[in-house]
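Predicted, not measured: the structure shown is a model, and the values here were computed from it.
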Amino acid sequence: MSNNMKNIEFEKPAYSDWQDAAIKALKGKPFESLFTKTNEGVTLQPMYTQESLVAKLGDELDRQVATIRSLQNSQAFQVAQQIHADTSEAFFAQLDDSLARGNEVITIDSRVNFDWTEDVLVKLASYFSEYSFKITIKDTKDPLLTVFDKIALDQREAVKGFIVSNEPISLYAFPSVRSVGANTVLYHNEGANAVQELAYGLALAAKFVEQEESFEAFSKKFFVSFAVDTQFFTEIAKLRAFKVLWKAFSSAYDVTESVKIPTVAETSLRSFSKLDVYVNLLRSSNEALSGLIGGADLFTVHPHDALTKPTEQSIRIARNVSLILKEETNVLKVIDPAGGSYFIESLTADFVKEAWALFLEIEAAGGIDEYTASGKLAEEVEKSYQSRIHAAQTRKQSLIGTNIYANPADALECETNPLFASIKRSAIPFEKLRAEMTAADVKTGILALGTLKSSKPRADFIAGFLNTVGLVPEKSEPAATVEEAIAWLKATEAKYVVIAGNDEDTKEFVHAILADKPAGVLVDVAGKFKDEEEAWLANGLNGFIFAGQNIIEKLQSVFASIKEVQR
């Protein structure tokens, strides 16, 4: 029988066979309902096959894969742990500890709580002479830059590192320090999507290359910085796409050989929340794995409590995320581990196409400076930000612990790390409304109808909805009669109550409840009731709560109505 099994051949299903099976399983829904449009405007298919990828890219597929592999640096995913300290003494203590525990790149943001004094800079210069570094500075007059004056002349050629700045830094006698960077993290933190980040990175490169004597001189100083968000495959494709775009960009300057440009990356802080902060650890781990697979050369994992004040423990955990991924996943044993994936290759090609088109549009408008001055760039980024924020507020994109599965007892830290205060995070509206609701001590309730079994699904949904802004509703026992429902409404301290029951019980009870409810209680209904909506609203119902609704808009409206009633 085993020999017979070995000889059995299964017919390979065609795409149309999978499509037919999917349509049957959808039970009347269109096949197109399986398609998903990303924030970049790219439509994701329900399935990718070798045939569809070859049909889409043809010979370009082999060139894309070859380009990405040829531009991968041998030293990939170096651990760049940022140093967080309030004093210079603590700074150097943490620096020594990080280097002893696996940190490979000294990573510093110049905006610290102590002064960059002569003694501090001299001591730091000794580290820069031995270890590679990544420093982020405010401008060309940043006091941290004077550290390079403290490095001995005979050591300067060996110094290696990166200077992250909004403008190129002129640094002579340091040939291995890359001081011309396309910092797309700034756009990312404002809300830019992957295609925009790629296009803006190229546009910055086009601007900076004109300021150098030659493309060769430029390429020795240049690098690109990305923030890696929680969209796992999108971020892998983004990092891979930049290599393809860079090859096309350099060919415009008659460069035919592969010129490797370092990719400096970090976890995205726009995905972080002050609520349920340990979820940030999961987010950053996911993002770091994207960076590893996507081919980032340097990577910084921000501590899960970076939005407030990192601790020694959170800093060590963040560093260990990189170390575990680097040492235990074995991903670095493979060049371009995502290469050949039909989905990721297709997504990479889509990003290359869309980003190149946007880059050409920027260049036609006069370059990145003219494009920015026209307001077009800000308009694009704001549109992307609004799309992302809407997805979070309607739960089309989950922020675990913030917009779903929120813990209302979780203490909200009000202080914000000034380094990250300006980032347009998706969680900010939830944090802000939670603080306002908590300060106002809003009392809410859920009036269940019928039986526990029939009312529980909607009651649980409403509780989770309210939990996102820190509200813990008082829950009634399921009311079997209108009299029981009215008695509970009159006894509760809640000023805002949501009626939760199945469709049948809700339709039977609501009209009578509205006729006899206390005047000072605001009442909503869980679910959509289009046929009854007009009559119920006319009889005193405040509104409805349902899946897909904008949580922030709805609860802001409720909060405003409560305050109006209490006046």
Subject >> salt bridge (Lys or Arg N to Asp or Glu O under 4.0 Å) between Glu436 and Lys432, intermediate numbers included >> reply: CA-CA 6 Å; Glu436 293 173 352; Lys432 185 174 182 292; 2.9 Å; yes
Under 3.5 Å, is there a donor-acceptor pair between the side chain of [X] and the main chain of [Y]?
X      : Y      : result
Ser387 : Lys383 : no
Asn183 : Asn166 : no
Ser314 : Pro310 : no
Asn542 : Val523 : no
Thr308 : Glu415 : no
Asp410 : Leu275 : no
Ser285 : Leu281 : yes
Ser165 : Ile137 : no
Asn103 : Gln81  : yes
Glu190 : Ala378 : no

Original post:
Using 30° and 60° as the class limits, which term best fits the ring planes of Phe242 and Phe226: parallel, tilted or perpendicular?
Top reply: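 Rings of Phe242 and Phe226: perpendicular, as their planes differ by over 60°.
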**OP:** Have a look at Tyr187 and tell me which of Tyr371, Tyr200, Tyr385 forms a ring pair (Phe, Tyr, Trp, His ring centres under 6.0 Å) with it.
**Re:**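 Result: among Tyr371, Tyr200, Tyr385, Tyr200 is the only option passing the ring pair (Phe, Tyr, Trp, His ring centres under 6.0 Å) with Tyr187.
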Is it the case that [X] and [Y] place a side-chain donor and acceptor less than 3.5 Å from each other?
X      : Y      : value
Gln313 : Thr311 : no
Ser273 : Thr402 : yes
Thr234 : Glu40  : no
Arg388 : Ser426 : yes
His302 : Glu266 : yes
Thr492 : Glu474 : yes
Arg283 : Asn280 : yes

Subject >> Lys37 to Phe35, cation-pi by 6.0 Å centre distance and 45° axis angle >> reply: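 Lys37 over Phe35 ring: no.
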Can you tell me if [atom1] on [X] sees more than 12 non-hydrogen neighbours from other groups inside 6.0 Å?
X      : atom1 : value
Glu32  : CD    : yes
Glu312 : CD    : no
Glu504 : CD    : no

Shortest non-hydrogen contact from [X] toward [Y]:
X      : Y      : result
Val521 : Lys517 : O-NZ, 2.9 Å
Ala80  : Thr300 : O-OG1, 2.7 Å
Thr140 : Leu145 : O-CD1, 3.4 Å
Ala512 : Ile486 : O-CD1, 4.4 Å
Phe31  : Ile23  : CB-CG1, 3.9 Å
Gly464 : Arg395 : O-NH2, 3.5 Å

Original post:
Does the side chain to side chain contact (heavy atoms under 4.5 Å, CB included) test come out yes or no for Arg319 and Val301, once each step is laid out?
Top reply: CA-CA 7 Å; Arg319 180 175 59 249; Val301 175; over 6 Å; no
**OP:** May I ask you to decide whether Lys238 forms a salt bridge with Glu235, counting only side-chain N to carboxylate O separations under 4.0 Å?
**Re:**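 Result for this pair is yes, salt bridge flagged.
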Original post:
Is Lys141 salt-bridged to Asp139, going by a charged N under 4.0 Å from an acidic O?
Top reply: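 No salt bridge links Lys141 with Asp139.
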Subject >> Working for side chain to side chain contact (heavy atoms under 4.5 Å, CB included), residues Ser284 and His304 >> reply: CA-CA 8 Å; Ser284 59; His304 60 268; 5.7 Å; no
About how many Å separate [atom2] of [Y] and [atom1] of [X], when rounded to the nearest 0.5 Å?
X      : Y      : atom1 : atom2 : answer
Gln45  : Leu34  : CD    : CG    : 10.0 Å
Leu399 : Asp276 : CG    : CG    : 11.5 Å
Ile83  : Ser98  : CD1   : OG    : 3.5 Å
Ile552 : Ile428 : CD1   : CD1   : 11.5 Å
Gln386 : Glu382 : CD    : CD    : 4.5 Å

**OP:** Decide yes or no on side chain to side chain contact (heavy atoms under 4.5 Å, CB included) for Gln393 and Asn403, but give the supporting numbers first.
**Re:** CA-CA 7 Å; Gln393 294 180 6; Asn403 73 350; over 6 Å; no
Any side-chain heavy-atom pair from [X] and [Y] closer than 4.5 angstrom?
X      : Y      : value
Ser454 : Asp505 : yes
Ser384 : Gln196 : yes
Asn417 : Leu307 : no
Thr38  : Gln231 : no
Leu198 : Val352 : no
Lys274 : Arg425 : yes
Lys490 : Asp516 : yes
Leu419 : Gln82  : yes

Subject >> Pairs involving residues 457-467, ordered by first then second residue, that meet side-chain hydrogen bond (donor to acceptor under 3.5 Å, both in side chains) (sequence neighbours left out) >> reply: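 Sorted pair list: Lys456-Asp460, Arg458-Asp503.
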**OP:** Only pairs at least two apart or in different chains count here, so list each ring pair (Phe, Tyr, Trp, His ring centres under 6.0 Å) that has a residue in residues 457-495.
**Re:**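 Every ring pair (Phe, Tyr, Trp, His ring centres under 6.0 Å) pair that includes a residue of residues 457-495, provided the two are not neighbours, is Phe461-Phe465.
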Original post:
Looking at Leu292, Thr267, Val264, Val79, which hits side chain to side chain contact (heavy atoms under 4.5 Å, CB included) with Phe299?
Top reply: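 Single side chain to side chain contact (heavy atoms under 4.5 Å, CB included) partner of Phe299 among Leu292, Thr267, Val264, Val79: Thr267.
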In a table with atom names and distances, give each donor-acceptor pair under 3.5 Å that connects a side chain of residues 439-449 to protein atoms at least two apart or in another chain.
none

**OP:** Show your working on side chain to side chain contact (heavy atoms under 4.5 Å, CB included) between Tyr405 and Val279 and close with a plain yes or no.
**Re:** CA-CA 11 Å; Tyr405 306 126; Val279 181; over 6 Å; no
Original post:
Glu167 and Lys207: salt bridge (Lys or Arg N to Asp or Glu O under 4.0 Å), yes or no, with the steps?
Top reply: CA-CA 10 Å; Glu167 292 293 333; Lys207 170 187 173 181; 3.4 Å; yes
